[in-house]
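Letters A, B, ... are given to chains in the order of the sequence lines, protein chains preceding strands, and every chain is numbered from 1.
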Amino acid sequence: MPQEMSTRKAYGRALVELGEKNPDIVVLDADLSMSTMTHMFAQRFPHRFFDCGIAEQNMIGIAAGLAASGKIPFASTFAVFVPGRCFDQLRLSVAQSQLNVKIVATHGGITSGEDGFSHHAIEDLALICALPGFYVLVPTDAIETTQMVRTAAVTPAPFYIRLSRPSTPVIFDENYHFVLGKAVTLRQGNDAAIIAIGIMVSRALEAAKHLAQEGIECRVVSMPTIKPLDEEAILQSAKETGAIVTAEEHLKHGGLGSRVAQVVAQHYAIPMDFVAIEDTYARSGKAEELLQRYGLTAPAIEQAVKSAISRKQVHHS
Amino acid sequence: MTEMPLHEGGLAIGCRGQASVDSEAGEVFPNADCKSSCSLEEIARTLRRHIVTMIAAAGSGHPGGSLSAVEIVTVLFFRLMRHRSYDPNWKQRDHFILSKGHAAPLLYAALAESGYFPTKELITLRKIDSRLQGHTDRAMVPGVESTAGSLGQGLSFAIGVALACKLDSLDSRIYTLLGDGECDEGQIWEAAMAAPHYHLDNLTAIVDRNNQQIDGWTRDVMNTEPLGEKWHSFGWHVIEVDGHDIGQLLSAFEEAKQIKDKSSVIIAHTIKGKGVSFMENNLKFHGTAPTQEQLEIALRELA
Ligand SMILES: Cc1ncc(C[n+]2csc(CCOP(=O)(O)OP(=O)(O)O)c2C)c(N)n1
């Protein structure tokens, strides 16, 4: 495995592997197969690949019909178009129909960069998490992506897997084992816990390393399944560290942070902080420039950790 | 038969023309600050040079679908449309609504050459503090009427503008530019049904029929043929032209203007990447910037 690889590339490869094993795997795309990497499957299994053209709503409807007939459809496009453009199709034809449709959306977040806000997916997690019955996954790296795609294929339920455009560090090794619904503790510490997803996981690890140099020991937890959440891991972190910071490439409202806060609030009155995009749309720019501009960096996480820790209640005996 | 439609601004660079009356179209084209007369063909070439230069400077962007629609945008902005660069929100203006938002570089080039903002700003395309976003943002750039980038939405927006003009008894004309791949979107056909229903004869849609989208040739990805018949059966007056032939485009727009009680669509047959040999009909240049070396070749071809 190379040191860096995009999650979408891992997805393209995983689809081909699944296609070899299971003739019921079918793949749909909406005129973006070169970018979503479904073209690899299309090349290998042209008869099980359906390019729907630039018609995302139609694609979701077709995927639902295929699923109702026993096929296992993987439908892909950019994360701005599914769920955004197809919300009602996802709601009625997939969620309420309880159908085995797998949405794998690429170019999540703002790292699609220069294309500008029409192409930045920053509300997708809020939208898709609103739909009962969906599993919502955000992989940390290419290795985890492959395993998620395999898991989705054998778990009869609607899935949304959010991938990103750029190459990202490979964090796990081949022995890693993804478990649906389970968080992964990547670093131990009891001063605060950072719960992160996607590209923010490696930034959280970087922040934790810096903070350790200042004597602040952070737990770093990745939350690859953001729905349903691993409540046990969250509550354990809350109890043992007393301060939680979340980090995500998404709007501050409606994503990981909101969801984790809801779990924490029911059990513990502890300070939290949220590293995410404020209530605004981003501009065109290079991916890394945008991450800086909108505060999705290791230093931003460090600051959030310090802020949360400073708000811990002092215990009086 | 001189009509009101005036472009009031002035070519910022490239070619400069004095106020000239084009006898064929019968319309005044005043370029007060222009020194010598300049043809629409020359303007088209200037826009093409801007497009490849700005996309190369950005390092990303969509040359193919910008280059294919150059003549369409040229005749609209520099001959037919009534607009004022110094007063972008002029109530009596004609409207241009870009639906295929990835052709933003083309619109920016036309706006800059019309005097809406300095042409030297063009090379800031897609840079972090630029107004010139990768896809158009109506709130940021004077003269940009539509925020675009998610395909399929511009025709509906244009219908809204056309309805408002009717309500306000304005004789403005509304133009919207669509991609042929974009015509895959269901919303296009919802809108296609609505425009003739509202008798919007002030609305002209142009389909940039370059026969390509991203995954391949339109006929292979999602066949839209017979495209003209589809629009016709939805109640539109359909005109098919060579979209690189300025004369044909001028008479098509003139014909559209004469049609009463229904909307017109011009299916402009074009070549994706037109004007740069190695970009023509080359899928790769849908969304890839030219390298510095390729830019130099392109500029030589467009000299
Ligand atoms: C709703 C939506 N889906 C997908 C895309 C991604 N996309 C950008 S351009 C393009 C192809 C457009 O083809 P066409 O309309 O024919 O434009 P042209 O060939 O003239 O560039 C696609 C699929 C998008 N911008 N919007």
Side-chain angles (χ1 to χ4, degrees), chain A residues 27-39 42-43 46 49-62 76-82 84-86 88-89 107 110 112-121 165 280-294, chain B residues 55 57-62 99-102 104 124-141 146-153 178-190 212-224 283-284 286-289:
Chain A
V27 175
L28 301 92
D29 206 296
D31 198 27
L32 285 169
S33 68
M34 299 295 170
S35 299
T36 61
M37 301 288 170
T38 61
H39 70 96
Q43 239 161 24
F49 176 77
F50 303 98
D51 200 322
C52 301
I54 312 168
E56 296 77 10
Q57 297 167 323
N58 193 36
M59 173 172 77
I60 298 305
I62 293 173
S76 286
T77 178
F78 291 170
V80 277
F81 306 131
V82 184
R85 194 155 184 130
C86 317
D88 196 36
Q89 284 74 16
H107 296 55
I110 55 176
S112 50
E114 292 92 336
D115 275 341
F117 61 32
S118 64
H119 284 61
H120 296 157
R165 182 178 94 153
T280 187
Y281 288 112
R283 308 170 63 109
S284 287
K286 291 195 167 46
E288 194 53 49
E289 285 174 339
L290 294 181
L291 293 171
Q292 296 280 342
R293 172 76 53 102
Y294 296 95
Chain B
I55 295 175
S60 67
H62 301 84
S99 188
K100 44 172 246 178
H102 57 284
T124 67
L125 175 72
R126 290 176 163 250
K127 303 242 163 74
I128 186 141
D129 284 313
S130 174
R131 292 190 286 184
L132 307 183
Q133 300 292 293
H135 294 76
T136 52
D137 177 354
R138 68 186 299 276
M140 243 186 226
V141 187
S146 59
T147 294
S150 181
L151 292 165
Q153 305 194 21
L178 316 176
D180 54 352
E182 186 180 14
C183 292
D184 295 349
E185 284 289 359
Q187 188 181 348
I188 294 287
W189 299 100
E190 295 173 25
Q212 289 193 333
Q213 47 200 107
I214 292 184
D215 279 349
W217 292 91
T218 308
R219 65 169 177 273
D220 299 325
V221 178
M222 183 54 61
N223 189 12
T224 44
L283 281 173
K284 182 182 160 201
H286 166 82
T288 308

Exercise for review: Go through A/Arg85 and B/Leu151 one step at a time and tell me if the side-chain contact (heavy atoms from CB on, under 4.5 Å) criterion holds.
Suggested key: CA-CA 10 Å; A/Arg85 194 155 184 130; B/Leu151 292 165; 5.7 Å; no

Check your understanding: Can you tell me how far the CG atom of B/Asp215 sits from the CZ atom of A/Phe49, to the nearest 0.5 Å?
Key -> 6.0 Å

Revision key, fill the gap. Filtered by a 4.5 Å non-hydrogen cutoff, the part of residues 54-61 of chain A contacting chain B is A/Ile54, A/Ala55, A/Glu56

Point to revise | Atom pair OG/CD of A/Ser118 and B/Gln153 - distance to nearest 0.5 Å | key: 9.5 Å

Study note, to complete from the structure: Looking only at A/Ser33, A/Ala30, A/Gly285, most heavy-atom pairs under 4.5 Å shared with chain B are made by A/Ser33

Check your understanding: Tell me, side chain or backbone of B/Asp129 under 4.5 Å from chain A's heavy atoms, or both, or neither?
Key -> both

Practice item. Check whether B/His62 gets within reach of chain A through its side chain, its backbone, both or neither, counting any heavy atom under 4.5 Å. Key: side chain

Exercise for review: Sort out for me which of B/Lys127, B/Gln213, B/Met222, B/Glu185 touches chain A most, counting heavy-atom pairs under 4.5 Å.
Suggested key: B/Glu185

Exercise for review: Taking atom OH of A/Tyr281 as the centre, report whether more than 12 heavy atoms of other residues, nucleotides or ligands fall under 6.0 Å from it.
Suggested key: no

Exercise for review: Below 4.5 Å from any heavy atom of chain A, which atoms of B/Thr147 appear? Answer side chain, backbone, both or neither.
Suggested key: side chain

**Study point:** Interface moiety of B/Ser150 toward chain A, non-hydrogen atoms closer than 4.5 Å
**Key:** both

Exercise for review: To the nearest 0.5 Å, tell me how far B/Arg126 CZ sits from A/Asp115 CG.
Suggested key: 4.5 Å

Revision key, fill the gap. Ranked by heavy-atom pairs below 4.5 Å to chain B, first place among A/His39, A/Glu289, A/Glu114 goes to A/Glu114

Practice item. Among B/Ala104, B/Gly186, B/Ser130, single out the residue with the greatest number of heavy-atom pairs under 4.5 Å to chain A. Key: B/Ser130

Practice item. Could you tell me the separation between the CZ atom of B/Arg131 and the CZ atom of A/Arg283, rounded to the nearest 0.5 Å? Key: 10.5 Å

Check your understanding: Counting N and O atoms only, with roles assigned by atom type, does the side chain of A/Asp51 sit under 3.5 Å from a partner on the main chain of B/Val221, one being a donor and the other an acceptor?
Key -> no

Practice item. Output the option from A/Met34, A/His119, A/Lys286 having the highest count of non-hydrogen pairs under 4.5 Å with chain B. Key: A/His119

Point to revise | chain A contact via B/Ala148 - side chain, backbone, both or neither, heavy atoms under 4.5 Å | key: backbone

Exercise for review: Go through the atoms of B/Glu182 and report whether side chain, backbone, both or neither lie under 4.5 Å from a heavy atom of chain A.
Suggested key: backbone

